[in-house]
Structures are given as C-alpha cells and as structure tokens.
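Here the structure comes first, spelled out in structure tokens, and everything after it is commentary.
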Amino acid sequence: MSAEEIIDIVDENDRVVGRSPRGEAYARGLRHRCAFILVRDAEGRIFVHRRTPVKQVFPSLYDMFVGGVVGAGEGYDEAALREAEEELGVSGLPRPEYVFTFLYDDGAGRSWWSAVYEVRCDRPVRPQAEEVAWWDFLSEAELERRLGEWEWTPDGLAAYERLKAYRSGRAES
C-alpha cells in the first residue's frame, strides 16, 4: 500500500470518522486500522522477518507478524488475507483465523486498531522484496531467544505479548 492510498480514520472505539491518504495519516498521527497475521508453517514454526530499510514505519526492524494497513472500506478479514498473501508471495492461503483486536498507541502519535490473526501456510513462500529484507521460520523457543537480541517492531511486540497472554488465559479456562 503506497503513501497515496486512502485509508479509513477511526476513533477510540474503532468507528470510521473519516478518510485520509496513508502517508498523511502517519504524518499527522491519525488513528487507523491494521491487520497482524502470525504465520506458521506445516511444522508449527513462526514466520519471522526483518523489514526493509525503505518501510515508512519501523524500517529495518524484525517482526513476527506479516500484515499492514487496512484500506478504506476494507474489512479486517479481507485485509488479513490480502496482506498475508502479498507479503508471503503466495496465493490460495486459507482465511486467517481472527483472534482479537486491541488498540496500539505508543503515546507519540502512532495509534492504530490492530486485529490479530493466525494462519498456517503449507506452501513455499516468496516474500515481497519491497517488504522483507530477511526471513525464516523459527520455532517458538528460538523466537523467544531472539526477543532480547534483535530490535523488534513495537506494535508487533505488543501484539505478540498480548497473544501469549491470551493463549495462557484461554488455556486456564
């Protein structure tokens, strides 16, 4: 999605209150919507990647989610499938499974409603060179080891921590 593409601007309750070009929304700190998809391969390993240095937000940082901005008039579910297929360079993925939504807000003008999904990808991936500088599928144990070593996207890290807490709460109930 380019800086000129139009996205929905939402309020603190995730209701659409306007539209804006993506670049302007980021420059002005306007709240919008994003989809985060945790991708596992057939062995259960998680797709981890380093973003390219030309990314508008969080360039060159590592992320354990693929995903991105939800387009104007697009639903979270639609965006999750579109973004996963685009970033992984595959088609025919199963529809990502919705897990939960949370408001990411770093207190410094970066705020977006974030819908978290999970999907299994049993196909060979060909990640977008414009989006992904490096990638691999890592076991959860390896990912956990890397959390303290690599610099991660703050929104992805927030989503991952919430996902772990969600899973542990669900396991106890």
Side-chain angles (χ1 to χ4, degrees), residues 1 14 26 32-70 75-108 110-173:
M1 188 176 267
D14 198 17
Y26 278 117
H32 53 282
R33 294 174 171 160
C34 290
F36 290 71
I37 308 92
L38 188 83
V39 179
R40 292 182 185 273
D41 67 5
E43 297 171 30
R45 298 173 303 177
I46 298 170
F47 180 83
V48 175
H49 67 284
R50 188 170 49 82
R51 298 163 62 88
T52 58
V54 296
K55 294 289 287 177
Q56 185 175 5
V57 177
F58 308 133
S60 298
L61 299 186
Y62 288 89
D63 203 345
M64 65 286 287
F65 292 93
V66 298
V69 175
V70 177
Y76 283 113
D77 291 351
E78 260 181 295
L81 180 58
R82 175 183 54 78
E83 286 285 346
E85 289 187 336
E86 284 177 7
E87 280 194 46
L88 296 171
V90 300
S91 59
L93 273 181
R95 181 165 295 282
E97 181 183 328
Y98 171 79
V99 184
F100 59 83
T101 304
F102 75 99
L103 177 61
Y104 172 78
D105 191 331
D106 71 357
R110 289 187 173 138
S111 178
W112 39 86
W113 278 99
S114 309
V116 177
Y117 292 81
E118 293 185 277
V119 72
R120 179 172 299 274
C121 179
D122 295 336
R123 305 165 181 262
V125 299
R126 296 172 305 285
Q128 273 185 319
E130 307 82 35
E131 303 267 343
V132 177
W134 169 91
W135 66 273
D136 200 358
F137 282 95
L138 303 181
S139 68
E140 279 195 62
E142 179 66 16
L143 172 56
E144 288 291 327
R145 279 194 294 279
R146 299 294 183 182
L147 289 178
E149 298 173 9
W150 296 347
E151 191 174 359
W152 297 86
T153 61
D155 59 343
L157 198 54
Y160 185 68
E161 293 300 325
R162 282 179 167 81
L163 182 58
K164 288 191 316 186
Y166 175 85
R167 283 184 185 145
S168 68
R170 183 170 62 184
E172 293 169 5
S173 49

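In this text, all values refer to a predicted model and were calculated from it rather than measured experimentally.
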Heavy-atom check, side chain of Arg162 versus side chain of Phe36, under 4.5 Å: no
Pairwise distance CZ(Phe65) to CD1(Ile46) - rounded to 0.5 angstrom: 8.0 Å
N/O donor-acceptor pair under 3.5 Å between Arg50 side chain and Trp134 backbone: no
Side chain to side chain contact (heavy atoms under 4.5 Å, CB included) between Val116 and Leu38, intermediate numbers included: CA-CA 8 Å; Val116 177; Leu38 188 83; 5.9 Å; no
CD/Glu151: more than 12 non-hydrogen atoms of other groups inside 6.0 Å: no
Whether Glu85 side chain and Leu93 backbone form a donor-acceptor pair below 3.5 Å: yes
N/O donor-acceptor pair under 3.5 Å between Asp136 side chain and Leu138 backbone: no
Arg120 (side chain) donor-acceptor with Ala42 (main chain) under 3.5 angstrom: yes
Minimum-distance pair of heavy atoms, taken over all atoms of Tyr104 and Ser114: CB-OG, 3.7 Å
Verdict with reasoning, Arg82 to Glu86, per salt bridge (charged side-chain N to carboxylate O under 4.0 Å, His left out): CA-CA 6 Å; Arg82 175 183 54 78; Glu86 284 177 7; 3.7 Å; yes
Check: Phe58 main-chain N/O paired with Arg51 side-chain donor or acceptor under 3.5 Å: yes
Leu157/Leu147 under side chain to side chain contact (heavy atoms under 4.5 Å, CB included): CA gap, chis, key distance, verdict: CA-CA 9 Å; Leu157 198 54; Leu147 289 178; 3.8 Å; yes
Nearest atoms (heavy-atom pairs only) where His49 meets Val132: CB-CG1, 3.7 Å
Glu83 side-chain N/O to Val66 backbone N/O, donor-acceptor pair under 3.5 Å: no
Side-chain donor/acceptor of Thr153 to backbone N/O of Leu61, under 3.5 Å: no
Donor-acceptor contact below 3.5 Å, side chain Arg33 vs main chain Gly75: no
Heavy-atom pair of closest approach, residues Val119 and Pro94: CG2-O, 3.4 Å
Side-chain touch Glu43/Phe137, heavy atoms, less than 4.5 angstrom: no
Whether Tyr117 and Tyr98 hold their rings parallel, tilted or perpendicular, with breakpoints at 30° and 60°: perpendicular
Reported CD-to-CH2 distance for the pair Glu87 and Trp135, which is rounded to 0.5 angstrom: 13.5 Å
Smallest separation among heavy atoms of Pro59 and Lys55, with atom names: CB-O, 3.5 Å
Lys164 bridged to Glu140 by N-O distance under 4.0 Å: no
Heavy-atom closest pair, residues Leu143 and Val48: CD1-CG2, 4.1 Å
Sidechain-backbone polar pair: Arg110 side chain, Asp155 backbone, donor-acceptor under 3.5 Å: no
Phe100/Tyr166 aromatic ring centres below 6.0 Å: yes
Close side-chain approach of Leu81 to Pro96, heavy-atom, < 4.5 Å: yes
Spacing of Arg123 atom CZ and Asp41 atom CG [to the nearest 0.5 Å]: 14.0 Å
Test side chain to side chain contact (heavy atoms under 4.5 Å, CB included) applied to Leu103 and Trp113, step by step: CA-CA 4 Å; Leu103 177 61; Trp113 278 99; 3.8 Å; yes
Aromatic ring pairing Tyr62/Trp152, orientation class (parallel under 30°, perpendicular over 60°, tilted between): tilted
Approximate separation, where rounding is to 0.5 Å, of Thr52 OG1 and Gln128 CD: 9.5 Å
Nearest non-hydrogen partners of Ala80 and Ile37, listed with the distance: O-CD1, 3.5 Å
